[in-house]
Every structure is written in C-alpha cells, then in structure tokens.
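The structure presented is a predicted model; accordingly, all values stated were derived computationally and were not measured. Naming convention: chains lettered A, B, ... in sequence-line order (proteins, then strands); numbering from 1 in each chain.
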Number of protein chains: 2
Amino acid sequence: MNERGADALVRAAVDAGVELCFANPGTTEMELVAALDTVGMAAHLVLHETVAAGAADGYARVSGRPAMVLVHLGPGLGNALANLHNARRAGSPAVVVVGDHASWHLPADAPLTTDIDALAATVSTSVRRVGAASDAAATMAAAVADAVGPPPGVATVVVPQDAAWGEGAEQAAPVGRRPPAVAADADSTDDIAAAMRAARSPALLLGGVVRRAELEAAVRIAGATGATVWADTFCSVLERGRGIPAPAVVPYFADRAIEALAGHDLLVTAGTRPPVAFFGYRSVGRSMLAPESARHLVAAPAGWPAGPALQALAETLGGGAAAAPRAPEGGPTTGALDPAVLAAVVAGALPEGAVVVEEALTSAGSWPDAEAGAAPHETLRLTGGAIGDGMPMALGAAVGAPGRRVVALQADGSGLYSPQALWTMARAGADVTVVVCANAAYRILEVEQRRTVGPGGPTAASLMHLTDPTPDWCALASAFGVPARRVATGEELAAALGRSFATPGPALIEATLR
Amino acid sequence: MNERGADALVRAAVDAGVELCFANPGTTEMELVAALDTVGMAAHLVLHETVAAGAADGYARVSGRPAMVLVHLGPGLGNALANLHNARRAGSPAVVVVGDHASWHLPADAPLTTDIDALAATVSTSVRRVGAASDAAATMAAAVADAVGPPPGVATVVVPQDAAWGEGAEQAAPVGRRPPAVAADADSTDDIAAAMRAARSPALLLGGVVRRAELEAAVRIAGATGATVWADTFCSVLERGRGIPAPAVVPYFADRAIEALAGHDLLVTAGTRPPVAFFGYRSVGRSMLAPESARHLVAAPAGWPAGPALQALAETLGGGAAAAPRAPEGGPTTGALDPAVLAAVVAGALPEGAVVVEEALTSAGSWPDAEAGAAPHETLRLTGGAIGDGMPMALGAAVGAPGRRVVALQADGSGLYSPQALWTMARAGADVTVVVCANAAYRILEVEQRRTVGPGGPTAASLMHLTDPTPDWCALASAFGVPARRVATGEELAAALGRSFATPGPALIEATLR
C-alpha cells in the first residue's frame, strides 16, 4: 500500500484496535480528518479539548481499550492537559494525536507555534514525532503499543502536516505486545505469602482497576492472613454493590488516613503504590500515609493488572471463599436533599451494570456506604485531582459501554469546568444521567480552608461561593440540548432518575442540596 | 515587617502596581487567598482558568498594566495555557502565580503533582520559584518587573505552600525598571530614514499596541517616503474609527498576503517582526510573507512600544500631517443578518471610546472596513490563534477600562471554548455586550479544508458543524446570569445593541447569521 501519511497513520491505529476518536481539529489536522473518512474511524466532536481527554479516559476505564484524542497544535494539547493528567494518574490507555505545522514552517515561529513536545512530556508515557509519511504507520503502531502497556498510559504522537500530506507511506508491521501479566519489579508470591503470614497486622492495598475478581481474591487472602483489604482513595475503576466484597477506602484527609493505617506492620500493594497524602499539610508534616516502620511488598506495580498476582497469592495462601458481605442499612430516601439522601436515592435506583462516575467531592461523602447496597456496578473516580473530568468521563464511558446506563454524580463547581461535555452527550445520544450536586460552592475548598488557614475574609469567601449569580444548570443543559429537571427532595430525585433511566439518551438532574 | 510569605508576596505585587487578580485557587493557594484579604487585593473568581488568563490579557491591553492570575498547581496552569499563549503573542504583561505543593511533599509525587516549570516555560518570559518565605517578596517584585518589560510578557511565579505559610518574610526592595524606549537591537532613525528615502517601494509594518499616535506618525512617514502603512493581521490593540488613519491589514491567508506584499523592496517593522504565514500551506511552500529580496530594518522590536521610534522617524523625514482619511461608505444595515450587515450595524451603533474584542473569524470579514467609519474605538484581536479568548478578554477589558463599553464580536465555535466568562461578567457587572455570530459551524475550518484537502466526507463534516443539536446561546447566557436576546435582522440587532448600551452590566445578543 502506498498512501498519504495521514491515511497510513489512521489505518495503523485502526489495525491496532483503536476504534474511534474524540476530536477538535484545526487546519493542521485537515489531512488527518480526511483520513477518518478514507479509512473509516468514527469520531466524536467535542467543543473543548478537555472533553476529548476526559472522554478517552472514561472510554478506556470501561472498555480497557485506548481511544484516539485528536487535537490542534500546542494550544489544543494545552486545553487537554488537565484531563490527560487524570488519565495518566488512572493508568488509562490513550493515544493523543497532535497535528503540528509542516516541519519547514516551524522555524518561522508562526502564531500558533509552541513547544508541543514539552507540553506532551508532562502527561505522556511516550512522545513520538512522525518524521515523514514513510514512518507514520510505524510510529502510530508503536504509540498504541505504548498506550496499551502494560503498564498502560498516555502515548502522544506529533504529526507535522507535511508528513500527513506526504505520500509514499508504508503499512506498519504489527507491534508485538510485550510479555504481559508479571512485572519485573513485583515481589514473588511466596515471599508475599510468607510475609503476610508472619505479619502482626498486614494491609493489602488495591488500586487502579479493581473489579469483583480482584476483590474476591483479596478477601480470600484476608481470610487466610487476617489482612485488612484497603482500596485507594481514588481507584480508576472499583466494582461495588450487593454481593461484592467491599474494601475499606483510604480516607482523603491525610491525618485521618494516617490514623486509619496506623498499626499495620506490612503493606502489600496490588496495582498501586504506597499511599501518599493528597496535599502536604503543615499540621501533618509528612507525605506517606502508611507507618514508616511497615514493610512494603509489591504484588503488582502501579498500572499493572493485579488480578493474576492476587489469585496466585490466594491459592498459595489457601484462603477459602469469603462469605458474601452484608449490605449496609440504607439511609433515608425522602425529604429535603442532602448528600446522604441523595446517595441513598441514587443507590436504590441504580440499574445493574451501571457505570457511576463520581466527581461529587464533598457531596459524595455518603456514596461509598450507600453504593455497597446498590445493584452491582462500577464506580470511576477522579484519580488525578484535576477537577472537570466527571461529565467528560461519563460521555466516554457511555460510548465505551453501550447498553449500560452511566450516572455522573457531579459537583457543581467541578462540573462548570467542562459543561461542553453535555453537547457531545446530546449529539451521541449517550445514555448518561448527570446528577448535579448543586451546593453553589467549592465546598471542599471551604473545608480545606478551615483545616489550613482558618476562616477567611470577604475576598476569600467570594472565591469559594458560586453565588451572585448562582449558575442555572437546567438552562446550561438546555443550551447544549440535554433535557433537564431541578429537584429538591428525595422523592423528586427518585422520579427524575426513573424517567431518565427509562429514556434513551442523556438527561441532567439539578439536585439542589440544602 | 515580618510576615508570612504569602502576605509578603501579595504585598510586593500591590506595591509594584498590580491591582487585582483573576483567580481559581485550590488547597495549595489557601495562604495566598488569605493574603488577598490581609493585604487588600481585589479578586475576580473565574469558573475555569482559561477565563483568568484571557481576562488578564484583555485587562493588560486596555490598561497597560499586568493583572495577577492565580491558579492551582500544574493542572490549573494547564487549563490557562491556551490564553496565556495568546497573551504571550500579544506581548501583554501578566503575572501568573501558581501554588505548588509544600517543597517537602513534592518527592511523594502526590496525585496533583506535575512538572509545573516545564508547563510554565512554554508561555513565560520568566519562570521563578519562591525558595522560602524570606524571598517571596523579592521574587514577586522581580516577576512584576519581568512582566512589565519592555518588552512586556508573561512572568510566572511558582509558590511552594511551605514558602507561603512560612514566616519571617522580608519586604521587597523596589525593582528598578530597566531603561525604557529604545531597544538595543533597533536600527537607527537615520539609517531607516535613508533607506526609506532610497527604496522604490517601502513598507512600514505596525504591530502590537497600535494607537492613534503611532498611526498618525506612520502616515507622516508615508507622506514623506511613499511607504505603504501596513498593520499586522492580528494586532494586540488597534485604534480605529472616524478621523483615525487606517492602515492596510496584512491578509490572513498566506497566498493573499504574499500577493499583497509583493513588490516591496524595504520592510520597516515597528513593534512587530516580519510577517509569517499563519499555517504552512503545501500549495504556498514558504513561511515568510514579505518578498525574500526586501531589506528589513527594525524601528522597534516586537513587544516594544513603537511610538517614540515612529515619531523620531517622522520628524527626521519631515513628513507633514496627513489629511484625515475619508470614512468608507457604510453598507446596508437592514434585513437578514449576514457578516456585512452585522458589521455595519455594530459600527453604526458603537459608542465613542468603546473597546471591541473581535474573535469572530469568518463572520468578521466585513468588520475592518465597517469599523473605519465607526466612532473612535480600540479593537483587540486573537493574537496567538488559540481560540476561546474573546469573552475572557472582553471581561478583562471591562475590568481594566471602567466606564467604557466593551463589545465582543464572538464566533460561536470559539465562544464555546470559554462560555464560563459570562458568569464572571455577570458577577462583576462588567459592561460587556457579547454579539455571538451564530453560524453553527467552524466556518473557518471549512474554508481551510477547501483550500487544503478539498471537500470532506461525512465524518469530516460532523467535525465542522455545530449542529445536531445547535447550541442555544440565550440559554447559555441565562445559565450564567447574563440577559440575552436572539436577533435575525439588522433592525433587531440595532435595537438590542441600543438596549444593552443603555443598560449597565453585561448582555448577550445571539445573532443568527443566514
């Protein structure tokens, strides 16, 4: 085959299993856009690149496959950085394609010229630059392999426009996947088993993609060793619900986490690393949350699938099947909405197999307990702390898991970072129910403020309240073509959820929290 | 004075003339936020950092002063990058303050940790890191001096949280401004005068901040030498209107610009650099727009104020005052809206002293002619090509030029990059009239597509049309508390403009283009 570089590049992506892209292209991507039609790759237009990056993250978390993110030069990549950062922290595979100026045009330092490679390096496992049409396919194939891993990651390909329009491209040889499953820097099953048996108070910490298989293996390990099973504060994917073992979750605030983990003399990590504080608090004065004296062993490194290592460990330890956990008592589901009522109502209504994208921060305080009693589902959380990935991830999850309902539990402040996601949900007919937890504040920041500098003055208050005016989420949804409804009680929320779950396509529910 | 690092830093900014900040802070900025109240610096909350960066750009263009942009860690800076890029290309002064983790927390690679310095370097004149409370004030004072220039630019200060909460800060010694006015690498007035007299077809190209004084000096120079006065395609500020000399504007498309500039044997640049193509087109095959054979002399380098050099040149050449230019014929102002009617109606209604922020791209094709006949005003354009700075700049311009009406001529696709600016306009009561040129397409991209790869397939079309659904700008404005109205004719537009100009605070007019 002898074709244009752009065609060869998109073909190589499709051949490597990349089915679609989330895109906001510009002039330097015109050949790549044309190639989508020539080769046959589906594309979803986004109104801001942060949506593309977050959607690729959500798509990858539910499907395990990378999507392509197509952006325009350095500024387009810059707009995507925050959610690429979250994807990187989630260990989600993604292939970012950045169109660049023609190579001969770069020395002119045209208005849109920036240091794309420096930007990409801050979020990427690998940054590759296509040299000419002839290597476009091979470069893309290598990038997809980088993205898939293990460990998976964000792989960026920079495509100078003259390489995209150049002819004489060659087909890519398939890139052999690297040997999977066992990472070189993991400790041996026997060593871990011996250490867990010997430990006084072992902890088994799960992170990354944590589904029923990992949780059931962990519970068997715990049964044999007395270990406490912990999950990271923010897992990429955590399967939850009735009949699924529920791990303890490492608390968000460093002081509480240190207290919770105190006493463990052994930490075994599986798919994650030893937990660190989200922020460095003056009053806490340290970063590591587990006791310094605890020994650390690695069942599976961060980013690596933990299932095989956990199953091997469970078999070595001979732990039996765990009893099904008892579902916690449900809280009240009626009356004025607060975070507890909201969580109980959503948990009660959730369809089996749903995907919950939780970026509700303080409003989700009751969710981990509530969701334990819900129908089995998966919850995706904010892994990198860069707010604004909730609705983009929900879009991507709906595209990546057709037939499953996606429920986005969305803080209002964070949601206002990427409301444009609603438009692509509407256009794609994505089965997403956005529940906006509308407290008209950056509430988490008020809590952090109290814990750090104490009560603030009027300027500080003005920076934490989303009032004067309070954004109208129903109008916002309507602007982007998503039907919306405002609710203030548990009963109204239940009715609105029921209507949305029975109706294909997206809906937004503005839940006014008292 | 012996205070906390954060207080000393904000006080140093205020002492150096920084009056306010556009902010979206997080936990690592809590001490800096507290310092705003302690020291007394005004702050405008933005719902996304791209608004903060664009607002600082607009503020600087109209006031000549830097604003502070306060953002949270690397992801906050990443969100601001596109509009910081535009500010950099505009030569606008701005001071970006990024809160970082406590220095002892960085090695833990906490979830929000990224390479802030690498990100900042892509858009900044200088990147400084506060080492401890003791140097916070001096670092800030130096950064403000960097920002002010000449040449002005984006100066970034990274503030580790332990430096912000640390005590024992010292007051900053005032930073002596560098000697102004004449850049070392400018050519001498006498050399330029001699070359212009000797040239067959000299061109005088103005860029950056171009006000009446620069234009009148340029016309005197042209009168004495026969030079053609050109302005950059995208000036940072260009004063326009009745009685103000109107330069020719370098066309946007490279082939047309090359044709327009052909024949010049001398290029004198003032406040800018030799013009380069926005994109590297295969069919054009070169980057530089002026003839290769033309000699190039520098009256004032890019970013430097050109006024003094131009006035010296005009006096040396002895050019007389130019006759007032004839205002062009106004176009039709009634009937269905198209770009020509829209431009004519806005030009007719514009109050004297208005600030026009033009990010209307294809819909603004008629604006340069129309605005020549309007009341005297200033127009700010998209200098860096990163779309989405129109409404943020309009917000900043309104804050920086109180009492003047700001009119944002806003393309719909670009506007959807930063609709959050509307909320801060509403909260600030900013006197901004946003005219959305609603053609429901990335029309410029369709034009570029035709000129590069030819007509596209259905996927390409889906990436260029803002339809299915078409965003509802009136609902969007209403969501953010800005009153809005949809118009479809020149008469309706004129009425809506009149109402907005007579009413303090923001308004949005969705102008449906046929």
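Taking chain B as the reference chain and counting heavy-atom pairs below 4.5 Å, the highest number among A:Leu476, A:Leu445, A:Leu119, A:Leu36 is found for A:Leu445. Chain A forms more heavy-atom pairs under 4.5 Å with one residue of B:Gly78, B:Ala34, B:Gly285, B:Ser103 than with any other, namely B:Gly285. Heavy-atom pairs under 4.5 Å with chain B peak, among A:Thr467, A:Val447, A:Leu422, at A:Thr467. Counting heavy-atom pairs closer than 4.5 Å to chain B, the top residue among A:Thr38, A:Asp109, A:Asn24 is A:Asp109. Among the candidates A:Gly481, A:Ala82, A:Ala108, the residue making the largest number of heavy-atom pairs closer than 4.5 Å to chain B is A:Ala108. The candidate with the highest count of non-hydrogen atom pairs below 4.5 Å against chain B, out of A:Ala23, A:Ala426, A:Ala277, A:Ser478, is A:Ala277. Each of A:Leu81, A:Val33, A:Leu47 has some count of heavy-atom pairs under 4.5 Å with chain B, and the biggest count is that of A:Leu47.
Contacts of B:Val46 with chain A are made by backbone atoms alone, with heavy-atom separations under 4.5 Å and no side-chain atom involved. Interface residue B:Arg88: only side-chain heavy atoms are found under 4.5 Å from chain A. Looking at B:Tyr442, the atoms closer than 4.5 Å to chain A (heavy atoms on both sides) all sit in the side chain, from C-beta outward. Neither the backbone nor the side chain of A:Pro275 comes within less than 4.5 Å of any heavy atom of chain B. Using a 4.5 Å cut-off between heavy atoms, B:Gln449 touches chain A through backbone and side chain atoms alike. Heavy atoms closer than 4.5 Å to chain A are found in both the backbone and the side chain of B:Thr27.
Nearest heavy atoms, A:Gln420 versus B:Ser418: NE2-N, 4.4 Å. A:Pro469 approaches B:Phe480 most closely through the heavy-atom pair CG-O, 3.6 Å. The shortest heavy-atom contact between A:Pro111 and B:Val276 is CD-CG2, 4.1 Å. When every heavy atom of B:Leu463 is checked against every heavy atom of A:Ala43, the shortest pair comes out as CD2-CB, 4.1 Å. B:His465 and A:Arg427 get closest at one heavy-atom pair: O-NH2, 2.6 Å. Contact record, B:Arg4 with A:Val453: NH1-CG1, 4.0 Å, taken as the closest heavy-atom pair.
A side-chain donor-acceptor contact under 3.5 Å links A:Asp37 and B:Thr459. A donor-acceptor pair shorter than 3.5 Å cannot be found between the side chains of B:Tyr281 and A:Gln161.
For the pair B:Arg89/A:Thr113, a side-chain contact is recorded, criterion being any heavy-atom separation below 4.5 Å from C-beta on. A heavy-atom distance below 4.5 Å is found between the side chains of A:Asn79 and B:Tyr417.
Two rings, from B:Phe279 and A:His101, have their centers less than 6.0 Å apart.
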Practice item. Walk me through it: do B:His105 and A:Ser287 pass the test side chain to side chain donor-acceptor pair (under 3.5 Å)? Key: CA-CA 6 Å; B:His105 193 51; A:Ser287 300; 2.7 Å; yes
